[in-house]
K.L.:
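Structure incoming, see below.
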Amino acid sequence: MCGIVGILSSEPAAAQVIEALKRLEYRGYDSSGVASLGEGGQIERLRAEGKLKNLAAKLSGHPLFGHSAIGHTRWATHGKPTEDNAHPHATERVAVVHNGIIENFRELRNELIAEGVVFKSETDTEVALHLVDRALQRSGDPIKAVQESLPKLRGAFALAFLFSGHQDLLIGARQGAPLAVGYGENEMYLGSDALALAPFTDMVSYLEEGDWVVLHRKGGVFHDRTNAVVQRTVQKSGAGAYLIDKGNHRHFMAKEIAEQPEVVGRTLAHYLDLGAGKVHLPVALPFDWKSLQRITITACGTASYAGQIAKYWFEALARIPVEVDVASEFRYREAPLEKNGLAIFISQSGETADTLAGLRYAKSQGQHILSVVNVTTSSIARESDVVIPTLAGPEIGVASTKAFTCQLTALACLAIAAASARGTLKAGEEEALVNDLIATPGLMVEALKLESHIEHVAHDMAKATDVLYLGRGTSYPLALEGALKLKEISYIHAEAYAAGELKHGPIALIDETLPVIVIAPHDAIYEKTVSNMQEVAARGGRIVLISDHQGMQGAGLEPAAKIEMPDMNPRFAAIAYSVPIQLLAYHTAVALGKDVDQPRNLAKSVTVE
Ligand code: F6R
């Protein structure tokens, strides 16, 4: 988490830093800061608690005119989100910004204190600062100082250093957290991702694990972990193609929910041969679906719910057993994996530390690694054997919406491809399934038309202190996703259960104050869900039923609220049913006046354990 940026500019760089940080605020917004070099080459710094707008306001009162600068937006790990703990951290010789965690910071801090260093913050970052500063005092050479210090740091981090008196020098380092170098005309940039650099350039290189880079305005020299000079490919990032604004929407989340028919359609077009009514994967797979005994899916949060939904599709359509686990558990539980199995990793950012560690474990166990990622230049994408991109475009709202439905879309295509290759589909079934998928963007458009009604339902839900979500089949993981969405942006406590599990405990929670969201398209197990709904109604629970026309007719009771979805084949209904789930959470949070795009304590890219 945290976003870092560095700029060697031909104009005052602090304003450019703010522009770049705006695009990195999704990585954290506990505090922010900028450091640049004044006319005499001295380090000048401004930092502010809270969101970036606080720093921008400070900067307009005290402009920084230096042409070389670094900046930071923070998601607090070590130390409270105070100004003292805000980056950049600086001595009079060097300033640093940092993303990630320096794991051996206590040990290093004690050593440095013993040498007489006085620490000014509670952060782990400050040890990197003082290590470099001490080395710099000895040699007077910034490059040597960084080179000497980096091997002493353990953990996963990206760093950018600025040096007083060195107007044409920035040094960046990467170990476990992403860092991109951007190339401008007589300007060079560093950033946590290419999106941050998109206002200035779309020509970028990525540091590989253990790399460090020395930047001057004329270019950069990359070094690997052995300090050998290495070449890193310069590529077009494509990030500039995306407009990062809210359009006519009040929040990024609202815009991203509304964009779903388009981006799901784009993802489908990438994986389907629309004319032939078949799945057509545009990449060669290094494994044979027929010989797979099992698929292991690993991800975190919303992405893990996409994996849980996909499990139903792979098992039912392709008859392959699937195991799904959250990455923070998978990475440590020493799961035995049969050699040459398939391990799928799902991630919007492609940088989630636990998912990346899970990937590395699976690789060490001889698995074929397939990743479903939104950021195709990410670490997870780069370490995979096959990348299945979700074409959602940048997702800025912290709560994942369009990335989730694009993950589901890509996974549905993969499940059909697997089924087709394994010969588990009946004649004509592939075309029918593909047609169901093709209908999905249109169904999402219909679902979006329910927004004002859902907003009304949400106003009522905003009065609740607890909410229960129920579903069966793929609606069960979707219920988990609904509860997560509501929790993270409205701060209302929510839980989700497989509807059949209700009677095994959670039914005790039900009284007339508890909204119960029942997700129940009219499918083969609809009647079972109806029975569970009756159990809720009998105990006075306030049911909000999300179903289709037939489902509403067959409910046998009058729910407190109904959200009637268009009719659809239930197989892939989870994709379109995501829309009302998201809108319900969104409007509840808006009704409560919460900060929908930047909910408290969260960050979009979770690069720490
Ligand atoms: C919730 C949400 C998170 C992410 C999770 C994984 O709305 O966004 O639960 O899904 O942190 O992130 P990625 O997909 O980037 O690996």
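Every number for a ligand or one of its atoms is a count from 1 in the order of the listing.
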K.L.:
For ligand 1, which atoms sit closer than 4.0 Å to a heavy atom of Gly301?
P.N.:
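Heavy-atom distances to Gly301 below 4.0 Å select 9 (O).
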K.L.:
With only distance considered, is Thr355 within less than 3.5 Å of ligand 1 through an N or O on each side?
P.N.:
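No, no N or O pair falls under 3.5 Å.
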K.L.:
Distance under 4.0 Å to a non-hydrogen atom of Lys485: what atoms of ligand 1 satisfy this?
P.N.:
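Selected atoms, number and element: 1 (C), 7 (O).
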K.L.:
Backbone, side chain, both or neither: what part of Glu351 comes under 4.0 angstrom of ligand 1, heavy atoms only?
P.N.:
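No part of Glu351 is near ligand 1 at this cut-off.
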K.L.:
Do you know which of Leu408, Ile416, Leu414, Val322 makes side-chain contact (heavy atoms from CB on, under 4.5 Å) with Trp313?
P.N.:
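It is Leu408; the other options fail the test.
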K.L.:
Using heavy-atom distances only, which candidate in Cys300, Ala327, Ser304 approaches atom 5 (C) of ligand 1 most closely?
P.N.:
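The residue whose heavy atom sits nearest atom 5 (C) of ligand 1 is Cys300.
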K.L.:
Would you mind listing which atoms of ligand 1 come within a distance below 4.0 Å of any non-hydrogen atom of Ala399?
P.N.:
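Selected atoms, number and element: 7 (O).
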K.L.:
Do Gln407 and ligand 1 have an N or O pair less than 3.5 Å apart?
P.N.:
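Between Gln407 and ligand 1, no N or O pair is found under 3.5 Å apart.
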K.L.:
Can you check whether Phe330 and Tyr361 have ring centres sitting under 6.0 Å from each other?
P.N.:
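Ring centroids of Phe330 and Tyr361 are less than 6.0 Å from each other.
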K.L.:
Have Lys485 and Thr302 got a donor and an acceptor in their side chains that come within less than 3.5 Å?
P.N.:
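Distance-only check passes for Lys485 and Thr302.
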K.L.:
Which pairs with one or both residues in residues 576-597 pass ring pair (Phe, Tyr, Trp, His ring centres under 6.0 Å), sequence neighbours excluded?
P.N.:
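Sorted pair list: His251-Tyr586.
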K.L.:
Looking at ligand 1, is there an atom of it that comes within less than 4.0 Å of some heavy atom belonging to Val398?
P.N.:
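Val398 counts as a contact of ligand 1 under the 4.0 Å cut-off.
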K.L.:
According to salt bridge (charged side-chain N to carboxylate O under 4.0 Å, His left out), who are the partners of Lys311, at least two apart in sequence or on a separate chain?
P.N.:
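Glu315.
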K.L.:
Nearest heavy atom to atom 4 (C) of ligand 1: which of Val326, Val375, Thr302 does it belong to?
P.N.:
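That would be Thr302.
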K.L.:
Test of understanding: given a 4.0 Å heavy-atom threshold, classify the contact between Asn374 and ligand 1 as side chain, backbone, both, or neither.
P.N.:
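Looking at Asn374 and ligand 1, no heavy atom falls under 4.0 Å.
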K.L.:
When you check the side-chain N and O atoms of Ser379 and Arg174, is any donor under 3.5 Å from an acceptor?
P.N.:
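The answer is yes; a qualifying pair exists.
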K.L.:
With atoms numbered from 1 as shown, which atoms in ligand 1 lie under 4.0 angstrom from a non-hydrogen atom of Gln348?
P.N.:
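By the 4.0 Å cutoff, the relevant atoms are 13 (P), 14 (O), 15 (O), 16 (O).
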K.L.:
Verify the distance criterion only: is there a donor paired with an acceptor across the side chains of Glu25 and Gln598 at less than 3.5 Å?
P.N.:
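There is such a pair between these side chains.
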K.L.:
Near Glu488, which atoms of ligand 1 are under 4.0 Å from a heavy atom of that residue?
P.N.:
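Under 4.0 Å from Glu488, ligand 1 has these atoms: 1 (C), 7 (O).
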K.L.:
Given Gln308 and Glu481, is the side-chain hydrogen bond (donor to acceptor under 3.5 Å, both in side chains) satisfied, shown in steps?
P.N.:
CA-CA 10 Å; Gln308 286 195 33; Glu481 167 61 4; over 6 Å; no
K.L.:
Provide the number and element of each atom of ligand 1 under 4.0 Å from a heavy atom of Ser349.
P.N.:
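Numbered from 1, ligand 1 contributes 13 (P), 15 (O), 16 (O).
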K.L.:
Which atoms of ligand 1 sit under 4.0 Å from any heavy atom of Ala303?
P.N.:
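In order of numbering, the contacting atoms are 10 (O), 14 (O).
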K.L.:
Applying the side-chain contact (heavy atoms from CB on, under 4.5 Å) criterion to Ile563, which one of Leu545, Ile517, Leu450 satisfies it?
P.N.:
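Between Ile563 and the candidates, side-chain contact (heavy atoms from CB on, under 4.5 Å) is satisfied uniquely by Leu450.
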